[in-house]
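One structure is given below, encoded as C-alpha cells.
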Amino acid sequence: MPLRVYNVLHREKVDFVPIHEGKVNMYVCGPTVYDHSHLGHAKSYISFDVIVRYLRFSGYDVLYVQNLTDVGHLLESGEDRILKKARQASATPMQIVETYARSYFADMDALGVVRPDISPRASAHVPEQIEMIEVLIEKGHAYVAEDAVYFDVTSWREYGKLSNRRLEEQETGSRRLKGSGKRNPEDFALWILAPEEHILQWNSPWGRGYPGWHIECSAMSRKYLGETFDIHGGGIDNIFPHNECEIAQSEAANGVPFANYWLLVGTLTVDGQKMSKSLGNYTTIKDALARYRPEVIRTFIFQSHYTNPIDFSDEALQAAERGWERIVGAVRLTRDKLRDAPDQGENTFADVLSAHRAQFVAAMDDDFNAPMALAALQTLTGEVNKLLNSGEVINKPTLAAIEATYSELGGQVLGIVPQGDAHSIDMKLTDGLIRLLIDVRKQARAEKNFARADQVRDQLKALGVLLEDRADGTTYRLE
RNA sequence: GGUGGUGUGGCGAAGUGGAAACGCGGUGGUCUGCAAAAUCACUAGGCACGGGUUCGAUUCCCGUCACCACCUCCA
C-alpha cells in the first residue's frame with residue numbers, strides 16, 4: 001500500500017510520490033532562538049520526528065533540513081526579537097542565539113527527537129538571501145523603497161494559494177502602511193535597512209541592513225534541497241503570512257514549483273487556547289520533562305493526529321502515562337523472560353505479531369496516523385500480556401520476535417519504547433544488586449517472614465525501584 | 001468581515017455509506033501473604049442541531065449554532 005499524505009497545498013489526501021525514487025528532501029521551519037522552547041514546539045517537532053523516522057523506516061533516504069532563525073524575525077513593534085532579548089539580558093545577539101540554540105537542541109535530544117541532517121542559520125546565509133532578492137528585483141517582483149526592499153505581492157498572481165487568501169478580502173490595517181515605503185499593504189520586507197546603531201547588519205547592494213524573516217527559508221531550502229523539493233513542514237499557525245511568502249518568493253525567483261507536499265501541524269492548546277509566549281500560558285519543555293518522561297510526552301502527542309490541535313493538561317498527560325506504562329510493562333516482562341527462556345522451539349506468536357505490524361504500518365501509511373498505530377500497539381500488548389501470563393513456558397524465538405516488534409515499531413518509529421539491555425557498567429551493577437535483593441526477599445517470603453520481605457520492598461521503593469510479584473517470579477521496574 | 005479547521009461516551013481521541021477503534025477513568029470478578037501489575041466482563045442504543053440524498057448517514061449535500069487558529073510576533 002502506498003504512503004498517503006494530506007497535502008495542505010491542495011487540501012486533499014494523495015499518494016506520496018517523491019521527485020527521486022527512494023529519496024525524500026524535506027524542509028521544516030525551525031524555531032526562532034530567543035527563548036527556551038515550550039510544549040507547542042515539542043508537538044511540532046515530535047510530529048515531524050515521527051514523520052522522518054517513519055519515512056526512513058519505510059526505506060526512504062531522507063535529507064531533513066530545519067533552519068534556526070537568528071535574525072530578522074521582528075516583533076509587532078518592529079523590533080528584532082533577538083535584539084530585544086539581548087538588550088534585556090545585557091548580552092550580544094549572538095550570545096543569545098547560541099544560548100537558546102543549545103537549549104533547543106538539548107530539549108529536542110531529551111525528547112528523543114532525531115536531529116535534522118542540516119540546521120542552517122539565517123545569519124550564516126546572508127549572501128544567499130541577497131542573491132535571491134537581487135533575482136526578485138531583476139524579475140520585477142521586488143522593489144527598493146527608502147526603508148526596505150519589498151516583495152510586490154501584486155506581481156505574483158498566485159500569492160495566497162496556500163492559505164486561500166485573496167488580498168482584496170483581507171482586513172488591511174492601515175497600520176501596516178504607516179511609515180513604510182510599501183506600495184501595497186500586503187507587501188513584505190525582503191531586506192530591511194538598518195539604522196546605524198542597529199547591532200545586526202550586513203552590507204548589501206541596497207545599503208547596510210538585515211534580511212526579512214521569510215526569505216531565509218527560501219534561500220536555505222534552495223541551497224540544501226534544490227529549487228523544488230518534496231516536503232515542506234511547519235506549524236499551521238505560520239501558514240500565513242510566512243509559508244505563503246516563502247512560496248511566492250521561491251516560485252517567483254526560481255520559476256519552478258517550490259515544495260510538492262505541504263504538511264502542517266495542528267496547534268497545542270491549553271484550555272482550548274493556543275500555547276504561546278505572548279499569552280503566557282506556556283510550559284517549557286524543561287519544566288515538562290521534570291514531571292514526565294519524554295516517552296510519555298511523545299505518547300501524549302501521538303494520541304491525536306498531527307494535523308489536529310491537542311489540548312494540554314496534567315490529566316491528559318497522566319492518562320497518556322498510564323497507557324504508556326501498560327505498553328512498556330509488557331516489553332519489560334518480555335525482556336525479563338528472555339533472560340532465561342529455553343532456546344528451542346519455533347516462534348508460535350508470528351501470526352499475531354505480523355497482523356498487528358500490518359495494522360501499524362497501514363495506519364502510518366495513511367498520513368502518519370499515529371493514534372491508530374498506537375492503538376495497534378495497545379491491542380498487541382493485550383495479546384502479549386495474555387501470552388506472558390498464560391503460565392506456559394515461552395521459548396526464546398517467540399520472546400525475541402515480540403521484543404523485536406516493540407523495539408522496531410515502538411522504539412525505532414515512535415520513540416516511546418526505550419532500548420533494552422543497559423550496557424553501562426553502572427546499570428549492570430544496579431541490575432545485579434536489585435536482583436540480589438529480590439533473591440533475599442524471596443528467601444524471606446519462603447520462610448513467611450513477611451516483615452523482612454516488605455522491608456526490602458519498601459526500602460527499594462523509597463529508592464525508586466518497584467517490585468512486582470508474579471506467579472513465575474518477581475520483576476522490578478524503575479520509577 | 002475573510003480563510004482554514006473542529007464539534008464522537010465521565011475524560012482524551014481514531015474512524016467508516018450498512019451493527020462506534022484505542023487509551024484513561026469507573027463498576028464487578030480472577031490472580032495474590034499484602035502491595036503492585038496483569039487479566040476477564042460491563043461501561044456511547046448514538047457521533048453539535050435542523051433539513052436533504054439513499055434501501056440505509058455519525059460518515060455525502062445544504063443550512064444553523066458553538067468553539068479554535070490565521071488575517072498582527074509565536075511550531
Side-chain angles (χ1 to χ4, degrees), chain A residues 8 11 28-32 34-35 37-48 66 73-79 81 84 160 162-166 168-173 175-176 186 213 233-242 244 264-269 272-279 282 299-300 302-305 307-311 313 315-327 329-330 332-333 359 363 366 369-379 381-382 385-386 388-390 445 448 450 453-454 457-458 461 466-471 474-475 477:
Chain A
V8 178
R11 310 275 169 183
V28 170
C29 287
T32 301
Y34 71 106
D35 206 342
S37 302
H38 57 64
L39 285 174
H41 302 103
K43 166 165 163 56
S44 211
Y45 299 122
I46 286 173
S47 297
F48 285 113
Q66 185 192 102
H73 200 165
L74 306 185
L75 291 158
E76 195 175 352
S77 60
E79 191 174 15
R81 50 209 317 143
K84 182 181 180 189
L162 180 67
S163 57
N164 272 326
R165 278 167 167 79
R166 295 180 182 283
E168 59 273 21
E169 286 172 358
Q170 299 302 305
E171 272 186 355
T172 50
R175 179 183 67 242
R176 305 177 64 186
E186 298 286 343
W213 175 33
I236 189 75
D237 50 342
N238 271 338
I239 190 171
F240 191 91
H242 182 61
E244 199 66 74
L264 300 179
V265 177
T267 306
L268 183 82
T269 59
Q273 298 253 293
K274 178 175 165 181
M275 180 177 282
S276 70
K277 302 287 308 180
S278 51
L279 284 174
Y282 61 93
T299 301
F300 163 67
F302 299 151
Q303 277 180 335
S304 77
H305 189 80
T307 54
N308 284 340
I310 183 169
D311 200 66
S313 66
E315 291 72 26
L317 261 294
Q318 279 158 17
E321 183 165 43
R322 301 279 297 124
W324 172 78
E325 277 173 355
R326 180 162 171 270
I327 292 174
R332 191 184 311 112
L333 194 51
Q359 281 175 27
D366 186 12
N369 193 329
M372 221 182 191
L374 207 50
L377 280 190
Q378 285 289 2
T379 54
T381 297
N385 276 325
K386 259 180 258 181
L388 299 182
N389 291 324
S390 65
R445 291 179 74 206
K448 304 264 184 225
F450 294 122
D454 289 350
R457 187 172 64 194
D458 292 347
K461 187 180 178 187
L466 306 178
L467 300 190
E468 287 167 10
D469 294 328
R470 299 170 42 79
T474 300
T475 65
R477 64 192 168 99

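To find a chain, count down the sequence lines: A is the first, B the second, and so on, and within it residues start at 1.
- No donor-acceptor contact under 3.5 Å links the side chain of A:Asn238 to the base of B:C70.
- Between A:Gln378 and B:A21 there is no side-chain polar atom (N or O) within less than 4.0 angstrom of OP1 or OP2.
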Could you go through nucleotides 4-6 of chain B and list every protein N or O atom that sits under 3.5 Å from one of its N or O atoms, giving the distance for each pair?
from: B:G4; atom 1: O2'; to: A:Arg11; atom 2: NH1; distance (Å): 3.2

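- Side-chain N or O atoms of A:Arg457 include none that pairs as donor or acceptor with a backbone N or O of A:Leu466 at under 3.5 Å.
- Counting distance only, with no hydrogens placed and no angle test, the side-chain atoms of A:Arg326 and the base atoms of B:G23 include no donor-acceptor pair under 3.5 Å.
- Taking 4.0 angstrom as the limit, A:Arg457 places none of its side-chain polar atoms (N or O) nearer than this to OP1 or OP2 of B:A36.
- Base pairing in RNA chain B gives the following stems of 3 or more Watson-Crick or G-U pairs, range against range and under 3.5 Å: B:1-7 with B:65-71, B:10-12 with B:22-24, B:25-30 with B:38-43, B:48-52 with B:60-64.
- Residues passing the side-chain hydrogen bond (donor to acceptor under 3.5 Å, both in side chains) test with A:Thr474, sequence neighbours excluded: A:Asp469.
- Side-chain atoms of A:Glu244 come within 3.5 Å of backbone atoms of A:Ser163 as a donor-acceptor pair (strictly under, hydrogens ignored).
- A residue-by-residue look at A:Asn385 and A:Gly323 shows that A:Gly323 has its nearest nucleotide of RNA chain B further toward the 5' end.
- For A:Trp213, whose side chain is taken as the heavy atoms from C-beta onward, the closest listed nucleotide among B:C74, B:G33, B:G23 is B:C74.
- Taking the six-membered ring where the residue is Trp, A:Trp213 and A:His242 present parallel rings, their angle staying beneath 30° rather than reaching 60°.
- Note on A:Arg322: every side-chain N or O is 4.0 Å or more away from OP1 and OP2 of B:G23.
- Taking only side-chain atoms of A:Met372, from C-beta outward, the nucleotide of B:C74, B:A14, B:C34 with the closest atom is B:A14.
- Using bins of under 30°, 30° to 60° and over 60° for the plane-to-plane angle, the ring pair A:His41/A:Tyr45 lands in the parallel bin.
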